[in-house]
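Letters A, B, ... are given to chains in the order of the sequence lines, protein chains preceding strands, and every chain is numbered from 1.
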Amino acid sequence: EVAQSCLMQAYALSGHIRKASKLFGEMPEKDVVSWTALLKTYAEAGILSRAREAFDSMPKRNIISWNCMLQAYTNTGHLCEAETLFYSMPAWDVVTWTCLIVAYTQNRNLSKALDAFQRMPLRDTVCWTAVMQAYAQQGYLREASAMFENMPVRGSVSWNGILVAYIENEEFDSANKIFTKMPFYDIVSSVSMLTAYAQCGHILESEKLFAGLIFKDLISWTAMISAYSTNGRVEESKSVFTKMPCWDIVTYSVMVQAYAHKRHILEAEQIFQTMPFQDVIARNTMVAAYAHCGHMIKARGLFDGMEDKN
RNA sequence: AGGUCUGAUGUUGGGCGA
């Protein structure tokens with residue numbers, strides 16, 4: 001049954017909700033890990049009711065199950081319910097506290113996030129990094145920087161977090177210092193810098209970073225398409241689009257946006273129509289593309305047909 | 001009896017809008 005449990009988790013991790021719940025129903029023996037994986041799948045899909053149902057049906061719960069349920073509430077914006085659950089939990093660990101800190105951060109409640117950080121008995125790199133992000137998100141760069149300097153151990157996420165914080169506050173000199181001081185290579189920070197350079201019009205630097213990537217993943221390919229588009233180089237965008245090994249919904253949307261930006265509405269439309277499926281953001285992009293190019297009737301038509309307007 | 005490693009949870013990068 002461990003094998004089935006693993007398969008279940010594979011479905012769960014890849015977001016195959018239907019397959020996961022089908023297999024789950026067919027499993028003769030369900031251990032706490034399978035139940036928790038199912039719970040997590042519903043939580044990530046934002047189906048709070050099913051998550052709660054799974055949580056209530058579990059014959060046994062451990063700290064991880066409780067943490068997943070806590071996340072189900074916080075990820076769907078139910079902070080009050082999350083707090084209630086938090087206080088009814090049999091135990092708290094460092095993950096529990098970090099979930100709470102992140103939830104407060106998402107609600108822009110820095111003081112409660114800091115309070116939780118003070119109250120937790122043990123602090124690891126992840127929660128230090130989360131609090132650093134809490135400061136950064138509120139624009140307290142100096143405090144974020146102090147957290148970065150003071151944390152006992154810095155992981156790659158900590159380095160990337162402070163790097164992006166500097167970039168978002170347009171402190172490019174500090175960002176550059178951090179980037180060159182990093183003790184290891186990391187694709188995430190490279191792509192962050194690539195995007196930052198593009199937004200400043202330094203496309204040559206973006207190209208250098210892209211060429212220097214040891215491994216190019218889907219996100220980095222897409223970031224390069226976007227970088228060219230930001231600098232008005234739609235032909236290069238298209239060339240990257242053609243060259244890359246695989247695409248996802250974001251890649252297509254970026255390419256639609258790139259064409260629309262240059263008012264190449266026919267090409268934009270063609271990319272849009274070749275998408276394997278379209279999410280709400282892709283349709284929003286296409287509506288904006290039509291509008292940008294003066295095709296108000298088509299924009300309106302697409303808009304009116306959308307079932308999932310946000 | 002004690003320890004280590006194996007399946008599930010928290011923090012960072014690409015798209016519209018905010």
Side-chain angles (χ1 to χ4, degrees), chain A residues 1-10 12-13 31-41 43-44 62-72 74-75 93-103 105 120 124-134 136-137 147 151 154-165 167-168 186-196 198 209-210 213 217-227 229-230 240 247-258 260-261 275 278-289 291-292 309-310:
Chain A
E1 78 255 16
V2 173
Q4 274 190 318
S5 190
C6 290
L7 181 57
M8 236 246 29
Q9 286 159 42
L13 288 174
D31 61 12
V32 66
V33 175
S34 319
W35 275 103
T36 307
L38 185 75
L39 164 56
K40 168 74 174 157
T41 308
E44 284 194 333
N62 61 17
I63 182 78
I64 299 184
S65 331
W66 281 92
N67 287 341
C68 286
M69 191 60 227
L70 183 65
Q71 263 228 292
T74 60
N75 283 347
D93 67 3
V94 65
V95 176
T96 320
W97 284 103
T98 307
C99 285
L100 201 61
I101 289 172
V102 172
T105 302
M120 60 197 295
D124 67 0
T125 297
V126 174
C127 76
W128 272 92
T129 306
V131 173
M132 180 190 86
Q133 293 291 108
Q137 189 230 42
M147 293 296 293
M151 65 177 81
R154 283 166 286 274
S156 63
V157 177
S158 324
W159 284 92
N160 297 328
I162 195 70
L163 175 71
V164 170
I167 289 173
E168 281 174 354
D186 192 275
I187 190 173
V188 175
S189 46
S190 299
V191 172
S192 302
M193 287 298 288
L194 185 162
T195 303
L209 278 167
F210 186 68
L213 293 178
D217 66 2
L218 180 54
I219 292 187
S220 52
W221 283 103
T222 309
M224 196 63 226
I225 296 178
S226 185
S229 169
T230 301
V240 174
W247 306 264
D248 73 356
I249 196 157
V250 177
T251 322
Y252 283 96
S253 293
V254 172
M255 202 57 234
V256 168
Q257 167 70 17
H261 189 234
M275 291 178 72
Q278 294 140 358
D279 66 357
V280 62
I281 296 184
R283 281 186 283 264
N284 286 346
T285 305
M286 196 63 228
V287 169
H292 181 67
K309 296 182 184 68
N310 62 9

Legend entry - Check: A/D186 and A/N160 side chains under 4.5 Å, non-hydrogen atoms: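 Yes, at least one pair of side-chain atoms sits under 4.5 Å.
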Legend entry - A/N67 side chain reached by A/D93 side chain, heavy atoms, under 4.5 Å: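 Heavy-atom side-chain distance check passes, below 4.5 Å.
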Inset, instruction - Let me have a per-nucleotide readout for nucleotides 12-18 of chain B, 5' to 3', with B, S or -, counting only protein heavy atoms under 4.0 Å. - result: BBBBB--
Take atom [atom1] of [X] and atom [atom2] of [N], then tell me their distance rounded to the nearest Å.
| X | N | atom1 | atom2 | result |
| --- | --- | --- | --- | --- |
| A/M151 | B/G10 | CE | P | 18 Å |
| A/N75 | B/U9 | CG | P | 13 Å |
| A/K40 | B/U9 | NZ | C1' | 6 Å |
| A/L70 | B/G10 | CG | P | 12 Å |
| A/M120 | B/U11 | CE | C1' | 11 Å |

Inset, instruction - With heavy atoms under 4.0 Å as the rule, sort A/D93 into base, sugar-phosphate or nothing. - result: nothing
Inset, instruction - Give A/V94 one of three labels, base, sugar-phosphate or nothing, depending on what nucleic acid heavy atoms sit under 4.0 Å from its own. - result: base
Please confirm whether the backbone N or O of [Y] pairs with a side-chain atom of [X], one donor and one acceptor, at under 3.5 Å?
| X | Y | value |
| --- | --- | --- |
| A/S226 | A/T222 | no |
| A/Q137 | A/T105 | yes |
| A/S253 | A/I249 | yes |
| A/D124 | A/C127 | yes |

Inset, instruction - Can you label the angle between the A/Y252 ring and the A/W247 ring as parallel, tilted or perpendicular, going by 30° and 60°? - result: tilted
Legend entry - Gap between atom CG of A/L39 and atom CH2 of A/W66 - 0.5 Å precision: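 Output value for this atom pair is 11.5 Å.
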Inset, instruction - Return the stems involving RNA chain B, sorted by first number, where pairs are Watson-Crick (N1-N3 with N6-O4 or O6-N4) or G-U wobble (N1-O2 and O6-N3), both under 3.5 Å, and runs are 3 or more long. - result: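 As far as RNA chain B goes, consecutive pairing (with distances under 3.5 Å) yields no stem.
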